[in-house]
Q: 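Structure in structure tokens, see below.
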Amino acid sequence: MPTKKAPQSMPYEQGKWAAVYTRAVGERRYWLIKSEPDVFSFDDLSAAPKQTTCWDSIRNTGARNFLRDAMKVGDLAFYYHSNAEPSAIVGIAEVVREGYPDPTALDPTHPYFDPASDPATPTWFVVDVRAVSKLEKPVSLADIKARADLADMALIKVSRLSVVPVTEREWNIVLAMSRS
DNA sequence: GCCAACGTTGGC
DNA sequence: GCCAACGTTGGC
């Protein structure tokens with residue numbers, strides 16, 4: 001029996017991220033997803049079956065909303081190593097399956113089981129991501145912070161959000177940095 | 001290891 | 001509904 005109330009759905013369409021929930025026909029959006037390399041690194045993703053994994057165990061409502069509602073098949077994401085030396089963007093992944101209920105939240109034997117998440121109206125969501133390519137050169141958090149034209153990146157502006165949007169402009173700047 | 005940011009919980 | 005306590009993330 002659920003003992004706690006599940007976190008409520010944010011009225012995201014009215015929130016500060018409203019723009020990332022809309023897109024032109026055929027438009028591709030960009031994201032940044034964080035993982036600690038000791039837990040699941042980009043190389044781990046590359047070594048996984050079909051280079052694909054379920055991006056599970058996210059337990060933050062803001063990140064959940066992106067996973068559930070905003071990320072679409074074909075979108076690309078920078079793969080960021082947090083709590084790393086150095087913390088850096090190291091690769092590119094592609095969304096290959098759109099939001100569906102996080103199986104870890106519904107599995108009583110899983111450490112991330114959430115008894116408050118009702119299977120009929122799940123609280124937590126995942127997408128599937130596939131490794132696309134490793135960056136020629138990692139782009140570190142320090143590299144990003146050193147650039148005035150990346151000062152507005154959500155990675156910097158919004159702390160402790162494990163899935164954040166990236167603008168197309170930011171995406172291209174970081175890509176260029178990874179090749180220089 | 002420290003601690004800032006900030007989301008969540010729960011007493012009132 | 002307010003807000004203090006608490007827990008987590010993640011840089012440094």
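Just so we're clear, the structure is a prediction, and the values are computed from it rather than from any experiment. Per chain, numbering begins at 1; letters A, B, ... match sequence-line order.
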Q: Grab the CG-P distance between A/Asp114 and B/dG7 for me, whole Å please.
A: 18 Å
Q: Any side-chain N or O of A/Tyr80 less than 4.0 Å from the OP1 or OP2 oxygen of C/dT9?
A: no
Q: Decide, yes or no, whether a salt bridge links A/Asp102 with A/Arg59 under the criterion of side-chain N to carboxylate O below 4.0 Å.
A: yes
Q: Let me know the distance between CD1 of A/Ile58 and P of B/dG7, rounded to the nearest Å.
A: 15 Å
Q: Atom NE2 of A/His81 to atom C1' of C/dG11: distance rounded to whole Å?
A: 16 Å
Q: Counting side-chain heavy atoms from CB outward, which of C/dG11, B/dC6, B/dT8 is closest to A/Arg160?
A: B/dC6
Q: I need the CZ-C1' distance between A/Arg59 and B/dC6, as an integer number of Å.
A: 19 Å
Q: Could you check how far OH of A/Tyr112 sits from C1' of C/dT9, rounded to whole Å?
A: 11 Å
Q: Is A/Thr61 close enough to B/dT8 that one of its side-chain N or O atoms is under 4.0 Å from OP1 or OP2 there?
A: yes
Q: Report the distance from atom CD1 of A/Ile156 to atom C1' of B/dA4, rounded to the nearest whole Å.
A: 17 Å
Q: Which whole-number value in Å describes the distance from A/Glu85 CD to C/dC12 P?
A: 10 Å
Q: Do the charged groups of A/Arg169 and A/Asp152 touch, with an N to O distance under 4.0 Å?
A: no
Q: May I have the distance from A/Met153 (atom CE) to C/dG11 (atom C1'), rounded to whole angstrom?
A: 16 Å
Q: Here's a test for you: under ring pair (Phe, Tyr, Trp, His ring centres under 6.0 Å), which of A/Trp55, A/Phe125, A/Trp31 qualifies with A/Phe66?
A: A/Trp31
Q: When you match A/Lys157 and A/Asn83 each to their closest nucleotide on DNA chain B, which lands nearer the 5' end?
A: A/Asn83
Q: Any side-chain N or O of A/Lys34 under 4.0 Å from OP1/OP2 of C/dT8?
A: no
Q: Closest to the A/Asn60 side chain: B/dG7, C/dC12, C/dT8?
A: B/dG7
Q: Any side-chain heavy-atom pair from A/Lys137 and A/Ser180 closer than 4.5 angstrom?
A: yes
Q: Students often mix this up, so state it plainly: with edges at 30° and 60°, are the rings of A/Phe78 and A/Trp171 parallel, tilted or perpendicular?
A: parallel
